[in-house]
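Just so it is clear, the values below take in all heavy atoms, side chains as well, and ignore hydrogens, waters and symmetry mates. Sequence lines set the chain letters: A, B, ... in the order given, protein chains first and strands last, and positions in each chain run from 1.
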There are 2 protein chains.
Amino acid sequence: MKLLDVIKALSNQTRLNILEWLKEPFAHFPAEELADYTPDLGVCVSDIAKKAGMSIPTVSVYLKTMSTANLLTATRKDQWTYYKRNEQAIQELAKHITDKL
Amino acid sequence: MKLLDVIKALSNQTRLNILEWLKEPFAHFPAEELADYTPDLGVCVSDIAKKAGMSIPTVSVYLKTMSTANLLTATRKDQWTYYKRNEQAIQELAKHITDKL
DNA sequence: TGCAAATTTAGGTAATTTCCTAAATACCTA
DNA sequence: TAGGTATTTAGGAAATTACCTAAATTTGCA
């Protein structure tokens with residue numbers, strides 16, 4: 001893990017928000033958008049962009065940044081790309097800070 | 001704690017390095033510079049700047065950024081400002097990531 | 001008092017990040 | 001194959017960050 005890349009992926013309020021929203025999707029996204037939600041897949045790009053109040057391209061890049069840093073996991077299904085949290089990587093980050101930083 | 005401010009204080013390779021150097025000063029700074037080192041005080045600005053290979057003003061601002069974010073503690077003594085790690089705040093960050101992020 | 005050493009503040013240029021719109025691509029379905 | 005929806009890629013303007021040098025400030029001491 002390249003710590004700086006992970007930290008940079010987190011160093012923006014919108015990206016931090018996204019990570020928190022994905023922790024409890026039903027608390028943050030309209031139920032109709034989560035009609036076929038599964039914890040396995042997560043939430044699609046356009047739903048996240050709407051919640052963030054930002055353009056889809058911007059959020060698409062944010063999500064890709066976070067999945068490159070391993071904080072999120074992307075799954076393409078049909079024409080949608082779903083993103084969910086990578087809980088293991090988030091805990092590894094915490095552990096890395098505890099042990100190494 | 002404002003998570004974003006702490007993360008931004010960490011989102012630069014030099015600042016990350018400084019935090020690591022201060023973990024074990026004797027492993028990273030010349031012994032003569034640490035002649036009157038105490039864990040209580042830490043290391044002074046110009047020694048850190050020399051180690052970083054950057055100008056003193058730049059490093060001075062970096063150190064202030066990190067102490068504002070509470071990651072470092074500054075102590076002024078005579079004409080020197082010494083910086084040491086704030087271990088408690090670093091552990092709080094790890095805990096915050098574990099519990100809240 | 002007045003110089004010397006350490007640090008901080010100011011001010012500027014270059015690089016990076018933010019976030020947009022337009023265009024390109026992927027994948028569905030008729 | 002054509003057309004529609006979702007996403008990604010490209011390209012660019014504005015804001016922020018990275019760092020420098022010069023100047024100002026703080027503190028000690030002859």
Taking A/Val59 as the starting point, is it possible to reach B/Leu4 by hopping between hydrophobic residues whose side chains are less than 4.5 Å apart? yes
Taking all non-hydrogen atoms of both residues into account, name the closest pair between [X] and [Y] and its distance.
{"X": "B/Met66", "Y": "B/Arg15", "answer": "SD-O, 3.7 Å"}
{"X": "A/Lys8", "Y": "A/Ser11", "answer": "O-OG, 2.9 Å"}
{"X": "B/Pro25", "Y": "B/Tyr37", "answer": "CG-OH, 3.5 Å"}
{"X": "A/Thr98", "Y": "B/Ala94", "answer": "OG1-CB, 3.2 Å"}

Strictly below 4.0 Å, heavy-atom distances to any atom of DNA chain C: list the hits from residues 35-46 of chain B, or just say none. B/Cys44, B/Val45, B/Ser46
Note the angle between the end axes of the helix from C/dT1-D/dA30 to C/dA30-D/dT1, five pairs defining each, rounded to 10 degrees. 10°
Along DNA chain D, first and last positions that approach a heavy atom of chain A under 4.0 Å: D/dA6 to D/dT9
Is there any ring-ring contact (aromatic ring centres under 6.0 Å, His included) pair reaching into residues 42-76 of chain B, and which pairs are they, with sequence neighbours excluded?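 Found none.
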Taking it one step at a time, do B/His96 and B/Glu92 satisfy side chain to side chain contact (heavy atoms under 4.5 Å, CB included)? CA-CA 6 Å; B/His96 187 94; B/Glu92 274 169 25; over 6 Å; no
Has A/Gln13 got more than 12 heavy atoms of other residues, nucleotides or ligands less than 6.0 Å from its CD?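 Atom CD in A/Gln13 is crowded, with more than 12 foreign heavy atoms closer than 6.0 Å.
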Strand contacts (DNA chain D) in residues 14-33 of chain B, 4.0 angstrom heavy-atom criterion: B/Arg15
With a 4.0 Å heavy-atom cut-off, tell me which residues in residues 47-59 of chain B come close to DNA chain D, sorted by residue number.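 Here the set is B/Met54, B/Ser55, B/Pro57, B/Thr58.
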Please list, chain by chain and in numerical order, all residues satisfying side-chain hydrogen bond (donor to acceptor under 3.5 Å, both in side chains) with [X], sequence neighbours excluded.
{"X": "A/Arg85", "value": "A/Glu87"}
{"X": "A/Lys95", "value": "A/Asp99"}
{"X": "A/Gln79", "value": "none"}

For A/Leu19 and A/Lys23: C-alpha separation, side-chain torsions, deciding distance, then whether side chain to side chain contact (heavy atoms under 4.5 Å, CB included) applies. CA-CA 7 Å; A/Leu19 206 54; A/Lys23 199 170 183 178; over 6 Å; no
Mind listing the side-chain donor-acceptor pairs of residues 43-58 of chain B below 3.5 Å, one per line with the distance, residues two or more places apart or on another chain?
residue	atom	partner	partner atom	Å
B/Lys50	NZ	B/Glu33	OE2	3.2
B/Lys51	NZ	B/His28	O	3.4
B/Ser55	OG	B/Thr58	N	3.3
B/Ser55	OG	B/Thr58	OG1	3.0

Interatomic distance, B/Lys64 NZ vs C/dT7 P [rounded to whole Å]: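 It is 14 Å, rounded to the nearest whole Å.
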Along DNA chain C (nearest heavy atom to each residue), the more 5'-positioned of A/Asn12 and B/Tyr83: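 Looking at DNA chain C, the more 5' nearest nucleotide goes with B/Tyr83.
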How does the hydrophobic cluster around A/Trp80 look, that is, which other residues are in it when side-chain heavy atoms under 4.5 Å mark a link?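 Besides A/Trp80, the cluster holds A/Leu41, A/Tyr82.
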Report yes if some heavy atom in the side chain of B/Thr81 is under 4.5 Å from a heavy atom in the side chain of B/Leu63; otherwise report no.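 Side-chain contact under 4.5 Å: no.
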Which part of the nucleic acid, if any, lies within contact of B/Tyr82, taking any heavy atom under 4.0 Å across all strands shown: a base, the sugar-phosphate backbone alone, or nothing? nothing
Checking side chain to side chain contact (heavy atoms under 4.5 Å, CB included) against B/Leu71, which of B/Leu10, B/Ile18, B/Leu22, B/Thr65 comes through?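 Testing B/Leu71 for a side chain to side chain contact (heavy atoms under 4.5 Å, CB included) against B/Leu10, B/Ile18, B/Leu22, B/Thr65 leaves exactly one candidate, B/Leu10.
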To the nearest 0.5 Å, tell me how far B/Asp40 CG sits from B/Lys77 NZ.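 The distance works out to 9.5 Å.
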A/Asn12 CG to B/Ile7 CD1 distance, which is reported to the nearest 0.5 Å: 10.0 Å
Taking N or O atoms only and anything under 3.5 Å, show me the protein contacts with nucleotides 25-30 of chain C, one pair per line.
residue	atom	partner	partner atom	Å
C/dC28	OP1	A/Asp78	OD1	3.2

